[in-house]
Amino acid sequence: MNHFFAYINRMRFIQRWSLMRNSYTENIQEHSHQTAVLAHALAVLRNERFGGQVDVGAVAVAALYHDAGEILTGDMPTPIKYYNPGIREAYKAVEQVAEDKLLSMLPEDLRPAYEDALRPADPEIEQLVRAADKLSAHIKCIEELKAGNTEFRQAAAQTAAAMDAMALPELDYFREHFLPSYSLTLDELE
């Protein structure tokens, strides 16, 4: 028996933002879907507006699987994960072991295809997934602030600063042209 997909299905049980009071919960399955949608959009923008030639499908797939290791490790809060270089490196090693464990649950001939999804070799794909991941976190902050939860104010500022530092034209374009809609109510979106 191969357990890979049964484990992937359990992504919905791993909650994000565990140290924060949330107006609504978010699991890594929901987050991964949103990140894939956003990564795909960033890849399309890169290709259509900024002269790129990235494989938009590969970007979306990598985003779908970008947190798969957390099925085994759980979601470590960002302030802890990045507290110092030692913790950051140790957590990367733990993530690697978790990804290896997941890959071992597949038939050997399928592992290379899924290894590329879990660990994309193309730095351009990694860059777009990282940007989409940060954008997804920022959207969560916007939604929490919209719901009156000021606990996300600092996280919103930190995620915005992290996106500014990325200096990606497709991310800047998305933030200027699409992100403001996330602050609107359903009636205002009409």
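Everything numeric in this text was worked out from a predicted model, so none of it was measured.
Applying the side chain to side chain donor-acceptor pair (under 3.5 Å) test to Asn149 and every residue at least two apart in sequence or in another chain returns Arg21, Glu144. The salt bridge (Lys or Arg N to Asp or Glu O under 4.0 Å) test applied to Arg175 returns Asp164, not counting sequence neighbours. The side chain to side chain donor-acceptor pair (under 3.5 Å) search around Arg119 returns Glu99, Asp100, Glu115, not counting sequence neighbours. For Ser181, there are no side chain to side chain donor-acceptor pair (under 3.5 Å) partners at least two apart in sequence or on another chain. With sequence neighbours left out, the side chain to side chain contact (heavy atoms under 4.5 Å, CB included) criterion links Lys146 to no other residue. Every residue two or more places apart in sequence or in another chain that forms a side chain to side chain contact (heavy atoms under 4.5 Å, CB included) with Glu188 is listed here: Leu184, Thr185. Considering only residues two or more places apart in sequence or on other chains, Glu26 meets the salt bridge (Lys or Arg N to Asp or Glu O under 4.0 Å) condition with Arg16. By the side chain to side chain donor-acceptor pair (under 3.5 Å) test, Asp172 pairs with no residue at all, sequence neighbours left out. Every residue two or more places apart in sequence or in another chain that forms a side chain to side chain contact (heavy atoms under 4.5 Å, CB included) with Asp122 is listed here: Glu124, Ile125.
If you chain together hydrophobic residues whose side chains sit under 4.5 Å apart, Leu102 and Val94 never meet in one group. Note on Val37 and Val56: separate hydrophobic clusters, where clusters join Ile, Leu, Val, Met, Phe, Trp and Tyr whose side-chain heavy atoms are under 4.5 Å apart, directly or indirectly. At a threshold of 4.5 Å between side-chain heavy atoms, the hydrophobic network of Ile, Leu, Val, Met, Phe, Trp and Tyr places Val44 and Leu128 in two separate groups. In the hydrophobic clustering of ILVMFWY residues, with side-chain heavy atoms under 4.5 Å counting as a link, Leu64 and Leu106 come out together.
Contact annotation: the side chain of Cys141 approaches that of Trp17 to within less than 4.5 Å [non-hydrogen atoms, C-beta and beyond].
Judged as a ring-ring contact (aromatic ring centres under 6.0 Å, His included), the pairs with a partner in residues 166-190 (not counting sequence neighbours) are, in order, Tyr173-His177, Phe174-Phe178. Sorted by first and then second residue, the ring-ring contact (aromatic ring centres under 6.0 Å, His included) pairs with a member in residues 19-49 read His31-His66; sequence neighbours excluded. Within the structure, the ring-ring contact (aromatic ring centres under 6.0 Å, His included) test picks out no pair touching residues 124-145 (sequence neighbours left out).
Nearest heavy-atom pair, Glu126 versus Pro120, reported as atom, atom and distance to 0.1 Å: OE2-O, 2.8 Å.
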